[in-house]
Novice: 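Okay, here's the structure, questions in a sec.
The residues of the chain are indexed from 1 along the displayed sequence.
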Amino acid sequence: MSHPRCSDAALFIFTFVQLTAALKCVCHLCVNHTCETEAEGACWNSVMLINGKEETVKSCVSPSELKGQVFCYSSRNVSKRNCCFTDFCNNETLHLNPEQPPEDSGWSQLEVAAVILVPSCLVCVGVMLGVCAIQNLRCTHIKSLKQDPEEPLDDPTLVSPDKCLKELIYDMSTSGSGSGLPLLVQRTIARTIVLQETIGKGRFGEVWRGKWRGEDVAVKIFSSRDERSWFREAEIYQTIMLRHDNILGFIAADNKDNGSWTQLWLVSEYHEHGSLFDYLNRFTVSVEGMIVLALSIASGIAHLHMEIIGTQGKPAIAHRDIKSKNILVKKNGAAVIADLGLAVKHDSNTNTIDIPINHRVGTKRYMAPEILDDSINMSSFESFKRADIYSLSLVFWELARRCSIQGIHEDFQLPYYDQVQSDPSLDDMRRVVCEQKLRPNIPNQWQSCEALRVMGKIMRECWHANPAARLTALRVKKTISQVTVVKDVKE
Ligand SMILES: Nc1ncnc2c1ncn2[C@@H]1O[C@H](COP(=O)(O)OP(=O)(O)OP(=O)(O)O)[C@@H](O)[C@H]1O
Ligand SMILES: [Mg+2]
């Protein structure tokens with residue numbers, strides 16, 4: 001057992017002595033072709049390719065040269081170096097190996113194959129994709145040539161299939177221009193509506209209930225001779241920032257030429273209760289119901305009348321045809337202002353109105369005295385708002401009559417029902433409103449109910465002969481909202 005230990009120790013000592021002692025090496029450039037290293041030096045052996053021929057160099061390496069390992073070890077196609085640590089260990093002749101792949105590039109045959117094959121495959125795939133793309137383009141082009149330019153594209157990305165109207169309208173009010181759905185989306189919606197039944201008829205056409213993706217919508221169909229009214233109403237509804245809880249929700253406008261005539265559609269939210277006129281004819285309202293309706297009507301008009309300043313602002317708008325038939329009742333008992341076809345917008349920068357105005361538009365029964373006698377100051381936009389307020393007072397009168405307190409209420413009547421016949425002329429109305437200065441009757445019993453008393457007071461202040469003395473929509477709104485507060489406090 002002790003022998004191996006002795007031999008190990010002897011080998012270690014020998015190697016140590018060899019490493020630390022000076023060495024004798026083969027040296028081409030030395031006398032006797034021999035050199036002796038310093039302690040801890042090494043013998044150096046190298047071969048280099050010079051002018052296509054292998055040339056060997058053998059010598060001694062000093063300890064400092066030895067530390068730079070690069071100096072010792074290299075195996076390239078143009079040079080090979082080696083250091084060794086026994087006497088004349090550099091005697092052997094080194095050779096370069098030209099067959100060996102260049103170590104420097106580090107590429108195996110597999111890698112070389114990959115370098116050739118991968119780009120080739122990529123080029124092939126590219127060519128194939130290119131061919132497909134050209135084919136596709138040709139198909140789309142042919143398709144678009146065949147497509148009726150009036151038809152909406154059958155593209156589900158246009159109106160995503162899982163969106164309901166509310167979401168679409170919400171999307172459009174929170175993004176984009178803030179003025180409405182893109183025209184192609186409007187057209188796509190309009191052309192996928194299935195008409196169900198007619199629900200009304202007005203001056204400018206028929207109103208239908210339609211279905212879009214299972215939801216009810218209202219479709220107002222204009223005749224081609226009323227194209228300007230259709231265009232104007234669609235334009236007003238798409239006024240930036242017009243959207244409001246108490247303004248009828250506009251969805252789409254579409255004009256479709258069917259060869260012999262143009263169908264003009266205006267699609268809006270459908271309200272099953274119909275107009276306030278229809279509603280009050282059928283039902284009476286509670287005090288709370290009256291307040292909700294009155295407040296929402298005033299809020300809708302206040303929003304129309306208000307100018308919002310800014311890039312996403314809204315111009316002041318006057319409706320010019322406020323009446324109970326142009327106000328719709330929502331399921332929740334609130335109202336929305338509809339029929340904006342006669343509205344005018346005010347440009348406050350230039351103090352101008354957006355269309356040349358014919359001041360005698362609207363419904364004669366609801367016309368303000370200054371319109372009836374032609375004394376209206378047309379240079380001021382305020383005049384049009386004040387005329388709306390007069391009409392509003394008549395609507396409030398129709399509404400308040402239907403307010404039932406302990407079963408007591410009046411029948412439904414249009415304003416001036418006891419003064420003029422149906423479809424009164426301008427002269428009839430002027431005689432009553434301007435000359436006789438008559439106004440609808442305010443019953444005595446309204447004094448016994450706070451809400452009705454306030455409503456009566458608002459009416460008087462809003463149908464004042466002097467337009468400047470009338471309340472603003474905002475003031476009306478505030479006064480009514482205070483009625484609710486008083487009522488709440490009492491309860
Ligand atoms: N969005 C809607 N939802 C439910 N019903 C509607 C809607 N729009 C209109 N209607 C119904 O259709 C009727 C006709 O409306 P339209 O606006 O064409 O005429 P009008 O208001 O009665 O008269 P005018 O032409 O003088 O304005 C309304 O009175 C109402 O009953
Ligand atoms: Mg109408």
Side-chain angles (χ1 to χ4, degrees), residues 147-156 158-172 180-238 242-243 247-279 281-282 321 323-332 335-342:
Q147 179 116 23
D148 175 358
E150 289 280 299
E151 281 300 323
L153 297 169
D154 185 19
D155 180 359
L158 219 50
V159 183
S160 86
D162 51 343
K163 289 246 158 131
C164 71
L165 276 171
K166 273 224 154 61
E167 288 170 326
L168 275 175
I169 290 165
Y170 177 79
D171 285 356
M172 85 189 178
L181 288 167
L183 283 181
L184 203 54
V185 175
Q186 290 190 28
R187 182 159 280 181
T188 306
I189 292 173
R191 294 190 187 181
T192 42
I193 288 172
V194 181
L195 296 179
Q196 308 287 311
E197 56 175 338
T198 47
I199 50 176
K201 201 166 167 46
R203 272 171 299 182
F204 298 117
E206 274 188 333
V207 180
W208 285 71
R209 180 175 65 83
K211 284 264 182 209
W212 186 77
R213 290 188 182 170
E215 285 182 77
D216 282 322
V217 289
V219 183
K220 193 166 175 176
I221 304 179
F222 293 68
S223 61
S224 15
R225 72 186 148 84
D226 290 323
E227 183 164 8
R228 278 176 62 183
S229 309
W230 165 82
F231 185 85
R232 178 65 181 164
E233 193 158 357
E235 188 189 17
I236 292 277
Y237 270 117
Q238 290 176 92
L242 180 67
R243 210 155 269 282
I247 307 276
L248 178 63
F250 170 81
I251 297 168
D254 185 31
N255 54 337
K256 188 179 184 179
D257 200 334
N258 71 358
S260 36
W261 80 92
T262 313
Q263 271 194 23
L264 305 165
W265 282 25
L266 210 85
V267 185
S268 66
E269 286 172 356
Y270 172 78
H271 298 293
E272 63 186 42
H273 285 313
S275 69
L276 182 67
F277 172 88
D278 302 329
Y279 190 78
N281 256 294
R282 258 179 283 146
D321 198 17
K323 59 176 176 175
S324 53
K325 281 186 179 175
N326 287 344
I327 294 168
L328 300 167
V329 180
K330 296 202 277 188
K331 238 190 191 140
N332 68 1
V336 294
I337 310 291
D339 281 88
L340 300 189
L342 292 174

Novice: Please list, chain by chain and in numerical order, all residues satisfying side chain to side chain donor-acceptor pair (under 3.5 Å) with Gln196, sequence neighbours excluded.
Specialist: none

Novice: Would you indicate whether the side-chain heavy atoms of Leu266 and Phe250 approach each other to under 4.5 Å?
Specialist: yes

Novice: Nearest 0.5 Å, please: how far is CZ in Arg191 from CD1 in Ile189?
Specialist: 12.5 Å

Novice: Please check this pair: side chain of Gln186 against backbone of Ala253, looking for a donor-acceptor N/O pair closer than 3.5 Å.
Specialist: yes

Novice: Does Glu235 use its side chain to pair, donor to acceptor, with the backbone of Phe231 at less than 3.5 Å?
Specialist: no

Novice: Looking at CG of Leu276 and NZ of Lys325, how far apart are the two atoms once the value is rounded to the nearest 0.5 Å?
Specialist: 12.0 Å

Novice: Are Val336 and Ile247 packed together at the side-chain level, in the sense that at least one heavy-atom pair is separated by less than 4.5 angstrom?
Specialist: no

Novice: Could you grab the distance from atom CG of Leu328 to atom OH of Tyr270, nearest 0.5 Å is fine?
Specialist: 10.0 Å

Novice: What is the minimum heavy-atom distance between Thr188 and Leu184, and which atoms define it?
Specialist: OG1-O, 2.6 Å

Novice: Just grab all the side-chain hydrogen bond (donor to acceptor under 3.5 Å, both in side chains) pairs involving residues 260-269, residues at least two apart or on different chains.
Specialist: Gln263-Trp265

Novice: How long is the gap from CZ on Arg209 to CD1 on Ile193, to the nearest 0.5 Å?
Specialist: 12.5 Å

Novice: Out of curiosity, Leu342 CG to Arg232 CZ, how far, rounded to the nearest 0.5 Å?
Specialist: 9.0 Å

Novice: Output all residues satisfying salt bridge (charged side-chain N to carboxylate O under 4.0 Å, His left out) with Asp226, sequence neighbours left out; order by chain, then residue number.
Specialist: none

Novice: Would you indicate whether the side-chain heavy atoms of Lys211 and Asp216 approach each other to under 4.5 Å?
Specialist: yes

Novice: Tell me, please, which residues at least two apart from Asp278 pass side chain to side chain contact (heavy atoms under 4.5 Å, CB included).
Specialist: Ser275, Arg282

Novice: Hey, does Phe204 have a side-chain heavy atom less than 4.5 Å from the side chain of Glu233?
Specialist: no

Novice: Restricting to ring-ring contact (aromatic ring centres under 6.0 Å, His included), what partner residues turn up for Tyr279, sequence neighbours left out?
Specialist: His273, Phe283

Novice: Would you give the length of the straight line joining atom NZ of Lys220 to atom NZ of Lys201, rounded to the nearest 0.5 angstrom?
Specialist: 11.5 Å

Novice: Give me the atom names and distance for the closest heavy-atom approach of Ile327 to Ala335.
Specialist: CG2-CB, 3.7 Å

Novice: Is there side-chain contact between Asp339 and Lys323, with at least one heavy-atom pair below 4.5 Å?
Specialist: no

Novice: Check for a donor-acceptor pair, side chain of Asn326 on one end and backbone N or O of Asp321 on the other, with a separation under 3.5 Å.
Specialist: yes

Novice: Which atom pair, heavy atoms only, marks the closest approach of Ser224 to Leu264?
Specialist: CA-CD1, 4.0 Å

Novice: Which residues pass the side chain to side chain donor-acceptor pair (under 3.5 Å) test with Arg225, sequence neighbours left out?
Specialist: none

